[in-house]
Amino acid sequence: MNPYYNAMDRCTPPEGMGERLAQNVLSALPGRAGAFKPRGFRRKGAALLLAAVLLLGTGATTIWDPLFVRRFGPQAAMSALGGAVFQKLDLTSVCDDVALTIPQALCSDKSIHYILEYRLPEGFSLEEGEYLTYPDEVRYYGTGDYTWEDLKALEGEAWNSCDWSDFSDIHDYFSHREEFVLAPCDMILVNKSGTGQGSGNGSTKGYDPDANTVTWLFSRDFDTGWSLNEQPLTILVTPPCVKHADGTETAVTDHPAIITFRPAYDGPQALSGLFEEGGVKITATLSTFSLSLEAEGMGYPCYEDMVKDTRLVAKDGTEKAVSLMGFTNGGSGFGPKGQPLEVSTTVHFLLLTDISEFTALRMGDYEIPLS
């Protein structure tokens, strides 16, 4: 049995602890009056504060960042599964004139959601009409062998030839330089079977001029041949850019930055299934945060059609439509005559999902056991 199932039963708080902690939270609010507040703070901030107080009242030992609560909801933060995926880190990596900090992460064996704070160069400021863009590349490497100083010594000279405000230049730098020192450890491009893929997205909390920091929530699902928790994870972030009023962009610095940590997870491990019959091949990987699907020979013109035709089968025989569980992105492959050959997608769940409830996946008329 996974330890997270009984976690909440073991977290009984002392009498009156919830009220005392709630009062501490409320009494601390005036000291945060100068902190950055995203749009809609009064409405959303009140809900998130309430969620934090509720968490304190339950005796839970993990307090999620408001970005996580906004993404998955206060019920997820208060659940035992929420405790299984949560990781408090407070790690900082100083990379010359900038620094990366990861205060918290939510991890499974196939997915990661993490808060990234990017401290900008000293003296940085935004002028009227300017704003910060997302980094053009956020890349993931299954290694802990290189510090910032190591990477700078090996790659610093090559960085001088890259225009860090030009996406195509950045893409070429990482995708077409076989000698890039971290390339053999790329968790998106390479896995134990020699191939790999993944999908991700991000959202922003915004720029805090007082702390000279921009904060994001980044997410990534890995469809690889191993668990995300088997090795350290190095995250490389290219510099964000300042978008000027005239439409031009300038990178905030002339180099990428890296930070390394070891993902941890104490919940149910991912389930997978494979079906092959005639010209049909279906593969599926189900994890706490997502479902990866790939189908060949099913005749679906696009991945949305595949998702609409897919259900998860619970232990009691009931079925759950995958299309109602989250949002998707993916792609399609076509033959020389324009006939659909294969489609693939990742369904990013809106809620934390206890995958131990499910035993199989149905796509069309086919049922694929999950194990």
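For this chain, numbers begin at 1 and follow the sequence in order. Below, each value reflects all heavy atoms present in this structure, side chains not excepted, and no hydrogens, waters or symmetry copies.
Ring-plane geometry between His113 and Phe289 is classed as tilted, the angle between the planes lying from 30 to 60 degrees on a 0 to 90 degree scale. Aromatic ring pairs are classed by plane angle as parallel below 30°, tilted from 30° to 60° and perpendicular above 60°; the pair Trp216 and Phe218 is tilted.
Judged as a ring pair (Phe, Tyr, Trp, His ring centres under 6.0 Å), the pairs with a partner in residues 234-262 (not counting sequence neighbours) are, in order, Trp148-His255.
The shortest non-hydrogen separation linking Ile258 to Leu151 is CG2-CD2, 3.6 Å.
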Exercise for the section: With side-chain contact (heavy atoms from CB on, under 4.5 Å) as the test, would you mind laying out the steps for Leu312 and Thr353 before giving the verdict? Expected result: CA-CA 12 Å; Leu312 286 171; Thr353 300; 5.7 Å; no
Exercise for the section: List the steps, then state whether side-chain contact (heavy atoms from CB on, under 4.5 Å) holds for Ser175 with Arg139. Expected result: CA-CA 11 Å; Ser175 300; Arg139 305 181 72 91; 4.2 Å; yes
Practice task
Using the side-chain contact (heavy atoms from CB on, under 4.5 Å) rule, take Ile170 and Phe174 through it: C-alpha gap first, then chi angles, then the decisive distance, then the call.
Solution key: CA-CA 7 Å; Ile170 294 172; Phe174 291 108; 3.9 Å; yes
Practice task
Give the intermediate values and the outcome of side-chain contact (heavy atoms from CB on, under 4.5 Å) for residues Ile368 and Leu274.
Solution key: CA-CA 7 Å; Ile368 304 95; Leu274 172 63; 5.7 Å; no
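By the 4.5 Å heavy-atom criterion applied to side chains, Leu228 and Ser111 are not counted as neighbours. Within the 4.5 Å cutoff, side-chain heavy atoms of Asn229 are placed close to those of Pro263.
A continuous path of Ile, Leu, Val, Met, Phe, Trp and Tyr side chains, each step under 4.5 Å between heavy atoms, connects Tyr300 with Leu361, placing both in one hydrophobic cluster. Hydrophobic cluster membership is shared by Ile235 and Val214, with clusters built from Ile, Leu, Val, Met, Phe, Trp and Tyr side chains linked at under 4.5 angstrom. Note on Val94 and Phe124: separate hydrophobic clusters, where clusters join Ile, Leu, Val, Met, Phe, Trp and Tyr whose side-chain heavy atoms are under 4.5 Å apart, directly or indirectly. Using a 4.5 Å cut-off between side-chain heavy atoms of Ile, Leu, Val, Met, Phe, Trp and Tyr, with links allowed through other members, Phe167 and Val242 fall into different hydrophobic clusters. In terms of hydrophobic clustering, with Ile, Leu, Val, Met, Phe, Trp and Tyr side chains grouped at heavy-atom distances under 4.5 Å, Met306 and Val313 are assigned to different clusters.
A donor-acceptor contact closer than 3.5 angstrom links the side chains of Thr253 and Asp97. Counted by atom type alone, Ser227 and Tyr265 present zero donor-acceptor pairs between their side chains at under 3.5 Å.
For Ala153, there are no side chain to side chain contact (heavy atoms under 4.5 Å, CB included) partners, not counting sequence neighbours.
In Tyr131, the OH atom is not crowded: 12 or fewer heavy atoms of neighbouring residues, nucleotides or ligands sit closer than 6.0 Å. Heavy-atom contacts from other residues, nucleotides or ligands closer than 6.0 Å to CD of Glu179 number more than 12.
The ring of Phe68 has its center no closer than 6.0 angstrom to the ring center of Phe86.
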